[in-house]
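Down below is the structure, laid out as structure tokens.
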Amino acid sequence: MRMPHLLRLAALGLAGLFVVGLAFCADEMDPRDGSKEGARELLEKLKDYKHKIVYETNRDGNWDLYVVNADGSDPVNLTNTKDVDELYPKPSPDGTKICFVADEKKGKDKVRNVCVMNIDGTERTKIADNAREPCWSADSKSIAYLKGEFEEFNLQDFATKGLFIYDLKSGKTREHPNKKLHHLYTLNWSPDGKWFVATVHGGMGFQHGILAIEAEGDKVVDLKLEGCRPNLSPDGKKIVWGHGDYCAGVADLDLTGETPKATNHHDAVESKEPVETYHVTWSPDGQYLTFTRGPKAEGKRLGNLLPEFPGVEAPGWNVCVADAAQMNHWVAITTDGKSCKQPSWMFVKERKAK
Amino acid sequence: MIVSPQLRYVIVLLPALACLSCEKSGQQSAADAPPTITTKGGVEMVLIPAGSFEMGSQSGKEDATFVHKVTLDSFLMDKYEVTQAEFDRLHLPNPSHFKGPTLPAEQVTWVQAAMYCNARSKDESLHPCYNSKAECDFEADGYRLPTEAEWEYACRAGSISDYSFGGDPRKLGEHAWFADNAGNKTHPVGKKQPNAWGLYDMHGNVAEWCNDNYDKSYYNASPETNPRGPSQGKENVLRGGAWKSGADTLKSAYRLGDNPGFSDACLARDAIGFRCVRKP
């Protein structure tokens, strides 16, 4: 039977509209899609990027640390412990070790400790009891961390008191000269070793903000950045942070003068309520950012607090990578939404041939 | 002497009735105030008598203009806003911006306030009121946030005027820390004049979380006896105004709704605190 020409055209048009509609729906639903046109192109680029990403994830009620290639391929569970929750991984700048926190024991005996291990998960060592939010010195020889505020376990991110520095070679720990450091979290150590940068919440006279803290002195400077969870670029000249619940902010950072300053603020990534954006960190060459994206917690949950806190379940949260030089040019590299959070880049000297 | 529960209520109600008779002048003698107890944890609470009152204000904001009768059971209410010393005593991280043991705790989300209530209950071997979903068991003997009706009833302390001390905002400075006199900060609790029932800082210092979800139309459908707020809602009720508030928001009937976890986790409010209630 021959279809009249006009009818054939109409049928073709309708079919075309249906295909376009399907593609649009698929695009909207695809968790890998960031800036739509650029996401797949970015994913292709990341396939050749040698540095990796390590993150915390909750599978079947247990937290472990996973490492993946920059495009999300080849995930490997580095910890594999059923009775311990490993969280907040921070690879050393030389790419040989990872420091992290481990929540051990249950109930009243639960405690968060700081540990270190090789990048393949071997030679795991506890370096501090009741401690959290560790970070590395630029030479990968020391780990700084914050002590828990109370003996009892507390999930609240700012429940810290005192900053301590552990020397890997000697195994000795010393306290920061400023004994008033209180309610800090997301600790960073500047590449020149002269400053720490961290969030403060209701501590040392500050309401909430991001502080530069002299590494060997008492000076504390408010960087006047609205938000939390900062991370310094490998050269120490830029800072990224959670600019509210929905944006990753970027600013130029000057730590060379008497008073550190952050200038030229803009947002690199933004999401819209109810999807939050958090945990942004720089890649070793400053080319990319990794961050997390996931739904805001619905309703009230006692004891579990907010999904952006380490160790708080965050269904639907995934790790993403963004091009640091462009606005909102990103792609999700995990797609299972199993509380994939706190990503951090792992320096890789040479990528192994496939 | 054994006193029947009914007689006990009458004894408790008598001073409250006396309060009603003299509210218009805003003057109240200490002898008229209901009794105060000190909890096992050392916190002073006022025994708020059972009774009825007219909730809302025709001259207020739209969400409070449906004036309606509310009848409440007796309850105990903290004499002061929860202080930072209390957070320290219970080993809870003190989120406050302005630090000091006698200052009210602030930057407290609704959930953190509920967690404090449960911690305080456990500390005194009482049954916590809040479950993991933050649902409140009103039958439990532990601490909880006041319902909005309990808060306004306690704040009014028998008064029917805009403020618990009368209707003249020029006298607000004697009773409250607010934008005109606070100097952009909180102040130690209990330094201004209390209301007729001996409760301090019900007006000003920090705005106080109530247990209820906020619904601007709730008064139209609210039950008369022990109303507990809408079953659902994205916001919770805040009452009393704060150190940074204008005089209007400190009024006894003034209602406000806010996100229980703050609308943005990074933008904590240093003007929000709370006080607790529990069964007598």
Side-chain angles (χ1 to χ4, degrees), chain A residues 108 132 148-161 180 182-186 199-210 225-230 241-249 273-274 276-278 296-309 312-313, chain B residues 84 87-100 103 105-119 122-123 128-136 144-145 184-186 209 211 213 231-236 259-272:
Chain A
K108 283 184 177 176
R132 48 183 69 190
E149 185 175 12
F150 306 106
E151 281 186 22
E152 301 91 338
F153 180 81
N154 199 304
L155 265 177
Q156 189 79 53
D157 50 7
F158 65 85
T160 68
K161 194 171 187 178
K180 292 178 182 170
H182 186 217
H183 281 187
L184 300 174
Y185 63 98
T186 323
T199 318
V200 65
H201 184 90
M204 300 131 68
F206 295 98
Q207 181 184 5
H208 181 98
I210 296 172
L225 297 170
E226 197 175 79
C228 59
R229 296 182 166 79
W241 76 100
H243 183 196
D245 285 343
Y246 307 106
C247 295
E273 192 174 4
E276 295 190 339
T277 291
Y278 266 113
K296 200 175 183 72
E298 275 190 26
K300 302 165 201 148
R301 297 185 297 172
L302 227 60
N304 224 5
L305 303 174
L306 299 170
E308 58 264 32
F309 290 6
V312 171
E313 281 192 52
Chain B
Q84 295 174 35
F87 269 67
D88 291 341
R89 184 179 71 82
L90 294 173
H91 287 187
L92 296 170
N94 169 13
S96 308
H97 172 202
F98 308 105
K99 285 286 196 284
L103 292 174
E106 22 87 8
Q107 298 206 114
V108 182
T109 64
W110 188 98
V111 168
Q112 287 169 333
M115 288 169 73
Y116 165 87
C117 292
N118 276 4
K122 286 177 188 167
D123 182 61
C129 290
Y130 295 99
N131 64 15
S132 61
K133 291 178 183 172
E135 295 159 337
C136 185
R144 61 174 171 81
L145 295 169
N184 290 320
K185 60 182 181 180
T186 58
W209 283 119
N211 190 73
N213 292 313
S231 57
Q232 290 185 323
K234 288 189 171 178
E235 295 181 322
N236 278 84
N259 185 300
F262 300 130
S263 53
D264 187 320
C266 287
L267 302 175
R269 313 272 173 79
D270 52 8
I272 298 179

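Chain naming here is simple, since letters A, B, ... match the order of the sequence lines and numbering starts at 1 in each.
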Quiz item: Do the side chains of Gln107(B) and His201(A) get nearer than 4.5 Å, heavy atoms only?
Solution: yes

Self-check item: Spacing of CD belonging to Glu149(A) relative to CG belonging to Asp88(B), to within rounding of 0.5 Å
Solution: 7.5 Å

Practice problem: Could you tell me which non-hydrogen atom of Lys99(B) sits nearest to which non-hydrogen atom of His183(A), and how far apart they are? | Solution: NZ-ND1, 4.3 Å

Self-check item: Where Pro93(B) and Phe150(A) come nearest, the two heavy atoms and their spacing
Solution: N-CE1, 3.3 Å

Quiz item: So what's closer than 4.5 Å to chain A heavy atoms on Asn131(B): side chain, backbone, both or neither?
Solution: backbone

Quiz prompt | Considering all heavy atoms, the nearest Leu302(A)-Tyr130(B) contact | solution = CD2-CB, 3.4 Å

Quiz item: Should Met115(B) and Gln156(A) count as side-chain neighbours, where that means a heavy-atom distance under 4.5 Å?
Solution: no

Quiz item: If you round to the nearest 0.5 Å, how far is CZ of Arg269(B) from CD of Gln207(A)?
Solution: 10.0 Å

Self-check item: Side-chain donor or acceptor of Lys300(A) paired with backbone N/O of Gly261(B) under 3.5 Å
Solution: no

